[in-house]
K.L.:
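Below you'll find the structure I mean.
Within every chain, numbering begins at 1; the chains are lettered A, B, ... in the order of the sequence lines, protein sequences first and strands thereafter.
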Amino acid sequence: MITDLLIGLPAQRPGGVALTLIIAIGSAAGALLLGVVYAAICVGAPRLSLTLQAPMALLRGVPLLLLIFALAQLTSLPLVMAGYVALLLYSLCHVGETLRGYLASYPPGLRDQSRVLGFGWAREWVTLRLPWTLRSSLDALATHWISLLKDSGALAVLGLGELTTVASTLSQNADVRDWELIIGLAGLFYLSVTIILIQSLKFLRRRLPPQEAMVI
Amino acid sequence: MLAYVAATCVLWALSGVLAVSTGFALAAGAGGTSRAWRWLSNGGITLTRGLPTSLLVVAAGVISIRIPPQSWLPDPFPATPSASGPVAWAVLLALALGSAGHFAVIFQTAYTALGRARVEQSIVLGAPPLRRLSLLSREAATAAIPPTAARLVHHLHNTAFAALFPVADLFGWIENGANETFNITRFVVAGGAVYVALSGLIWAGFKAIELRLRLPRANAKARGRRLAPAPDGAP
């Protein structure tokens, strides 16, 4: 049972905790990359910004379950890929907006400093703008990533073998005492992963230089 | 479709009220003077924030699906068969628990944002505890409203998990309609539009409350500027 919860049911491996982590980390990383591009376009080209923000706002109004269902039913993507793309889009519409907000509040003092130091556009973005934006938005991003990890349980609607699906399948076929144990263990796994993620982010926050240190 | 929209609204409203009340109780317990209450409330917050709503709903559904319908249970859920009453109530409780911890953190943060000085001011004023609570709640509301609205939109989206069990809701209507008619686009677009509209209504409602709360303060500032005496030598 523990093996099934950790790596999935025999017919659906990788699954369980492993699939939950793969999909959550993959979609969070993809959304972060695309979110940076989205935020940069919005800040760099304000005219294009409204055109991009409208679909993002609409997407935020659609439940993740509906997004997963729509992608699985309306596209020819394999179920795992449909689930991944749905989580990626869901994450992007939240992360993108967060990054856009922080990027827009980039202090003019830092921009002036980079000019004085003779930095070009690309160098300023890589050495100052992006690190400052990511550092400032880390708390908001951390909250979203924890939520994303938990929301990956919505993939159960497709019957994908992630942790919630495995727990649900095992508990529906189990005796009373067993399903209590199964649900309890699944909850414990989610809780452990969430706590590890929170502690890692706290560690990362301590390791990163404070925002004030970036101002020369 | 209207019955399913109503079912989603009922699920959202009842579980939302329960979640906000539990969140308030957890936040109050976590900031209280009793060590046991603080420990219990913090444990409750960590647990409800760390567990996914999907798993809570699955657990509630698996437990309650074996319970026969009870005549004393009220049946406020439109389009849900009365035999599924216990499941519907269990799903409602699970949805409320899934959001309670998040609301507790929002309320704690808003209270912290008030600052020590303002809390002490309210004590010095000598108002009775209930008056003080109402005053501080009003002050903290401006900080708490935007994240509360965001969480209530998320809460609305979480009601879709009810479709995992025989409990009527909008997502269940979309899923069943799409599977029965194979007209997936029609059901997805119609259901998605209703979800977007409901989310928009929540945002707009909370924006209106936020503006209403900010207006008296802005008016008072403007009055204060008008009444302030001009400095010496000023025209």
Side-chain angles (χ1 to χ4, degrees), chain A residues 20 24 57-75 90 94 140 143 146-157 162-174 176 179-180 182-198, chain B residues 8 46-63 65-66 98 102 105-106 147 150-151 153-165 169-172 174-175 178-179 182-185 187-203:
Chain A
T20 297
L58 274 181
L59 208 56
R60 275 199 304 279
V62 177
L64 176 61
L65 271 177
L66 184 59
L67 204 59
I68 293 171
F69 179 74
L71 278 169
Q73 296 282 342
L74 295 172
T75 62
Y90 169 77
H94 288 92
T143 310
I146 292 163
S147 174
L148 183 71
L149 182 80
K150 288 165 48 189
D151 287 340
S152 65
L155 296 173
V157 76
E162 50 69 60
L163 186 52
T164 304
T165 313
V166 176
S168 173
T169 312
L170 288 176
S171 59
Q172 275 165 11
N173 302 327
V176 175
W179 65 251
E180 283 171 350
I182 293 162
I183 299 279
L185 271 175
L188 197 67
F189 284 140
Y190 269 118
L191 211 56
S192 313
V193 173
T194 310
I195 289 170
I196 291 170
L197 182 61
I198 291 171
Chain B
T8 291
T46 310
L47 204 66
T48 51
R49 282 185 84 209
L51 292 176
T53 308
S54 55
L55 190 72
L56 289 171
V57 171
V58 166
V62 170
I63 294 166
I65 212 149
R66 296 154 207 241
H102 294 276
V105 173
I106 289 170
R151 186 63 215 177
V153 169
H154 197 98
H155 189 76
L156 170 77
H157 296 173
N158 278 347
T159 57
F161 286 120
L164 294 174
F165 294 96
D169 88 304
L170 184 57
F171 181 68
I174 298 167
E175 211 177 18
N179 290 337
F182 295 107
N183 198 344
I184 302 160
T185 315
F187 280 92
V188 165
V189 170
V194 174
Y195 272 119
V196 170
L198 289 175
S199 307
L201 275 177
I202 298 172
W203 275 112

K.L.:
Could you measure the distance from the CG atom of A:Asp151 to the CG atom of B:Asn158? Nearest 0.5 Å is fine.
P.N.:
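Answer rounded to 0.5 Å: 6.5 Å.
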K.L.:
Show the nearest heavy-atom pair for residues A:Ala154 and B:Phe161, with the distance to one decimal.
P.N.:
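Minimum heavy-atom contact is CA-CE2, 3.8 Å.
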K.L.:
How close do A:Ser171 and B:Val62 get, counting heavy atoms only, and between which atoms?
P.N.:
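The answer is OG-CG2, 3.9 Å.
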K.L.:
Is there side-chain contact between B:Asn179 and A:Gln73, with heavy atoms separated by less than 4.5 Å?
P.N.:
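Yes, their side chains come closer than 4.5 Å.
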K.L.:
Can you tell me which portion of B:Ala178 sits under 4.5 Å from chain A's heavy atoms? Options are side chain, backbone, both or neither.
P.N.:
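Contact with chain A is through the side chain of B:Ala178 alone.
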K.L.:
Who wins among B:Leu156, B:Val189, B:Val196 for the most heavy-atom pairs under 4.5 Å with chain A?
P.N.:
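Among B:Leu156, B:Val189, B:Val196, the one with the most close pairs to chain A is B:Val196.
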K.L.:
For each of B:Ile174, B:Leu55, B:Val58, tally heavy-atom pairs with chain A at distances under 4.5 Å, and name the one with the top tally.
P.N.:
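Winner by heavy-atom pair count: B:Leu55.
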K.L.:
Quick one: what part of B:Leu56 sits under 4.5 Å from any heavy atom of chain A, side chain, backbone, both or neither?
P.N.:
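Answer is neither: B:Leu56 stays 4.5 Å or more from chain A.
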K.L.:
So which of A:Leu65, A:Leu149, A:Ile183 has the largest heavy-atom pair count under 4.5 angstrom toward chain B?
P.N.:
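Answer, by heavy-atom pair count under 4.5 Å with chain B: A:Leu65.
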K.L.:
For A:Phe69, is it the side chain, the backbone, both, or neither that has a heavy atom closer than 4.5 Å to a heavy atom of chain B?
P.N.:
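A:Phe69 touches chain B through side-chain heavy atoms alone.
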K.L.:
Would you call A:Ser147 and B:His154 a side-chain contact if the rule is heavy atoms closer than 4.5 Å?
P.N.:
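The answer is yes; the side chains approach within 4.5 Å.
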K.L.:
Can you tell me how far CG of A:Leu67 sits from OH of B:Tyr195, rounded to the nearest 0.5 angstrom?
P.N.:
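Answer rounded to 0.5 Å: 12.5 Å.
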K.L.:
Tell me whether A:Lys150 contacts the main-chain N or O of B:Arg49 through its side chain, where contact means a donor paired with an acceptor under 3.5 Å.
P.N.:
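Yes; judged by distance alone, with no hydrogens or angles, the pair exists.
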K.L.:
Where do A:Leu66 and B:Val188 come nearest, in terms of heavy atoms and distance?
P.N.:
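Closest pair (atom of A:Leu66, atom of B:Val188, distance): CD2-O, 4.2 Å.
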K.L.:
Could you tell me which portion of A:Ala167 (side chain, backbone, both or neither) has an atom closer than 4.5 angstrom to a non-hydrogen atom of chain B?
P.N.:
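Side chain only.
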K.L.:
What part of A:Ser152 lies closer than 4.5 angstrom to a heavy atom of chain B: side chain, backbone, both or neither?
P.N.:
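No part of it gets close to chain B.
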K.L.:
Nearest heavy-atom pair of A:Gly61 and B:Ser199: which atoms, and what distance?
P.N.:
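Closest approach of A:Gly61 to B:Ser199, heavy atoms only: O-OG, 3.3 Å.
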K.L.:
Could you report the tightest heavy-atom contact between B:Gly50 and A:Leu191, atom names first, then the distance?
P.N.:
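Looking at all heavy atoms of both residues, the closest pair is CA-CD1, 3.5 Å.
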K.L.:
Locate the shortest heavy-atom distance separating A:Thr164 from B:Ser54; write the atom from each residue and the value.
P.N.:
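Between these two residues, the closest heavy atoms are OG1-OG, 3.6 Å.
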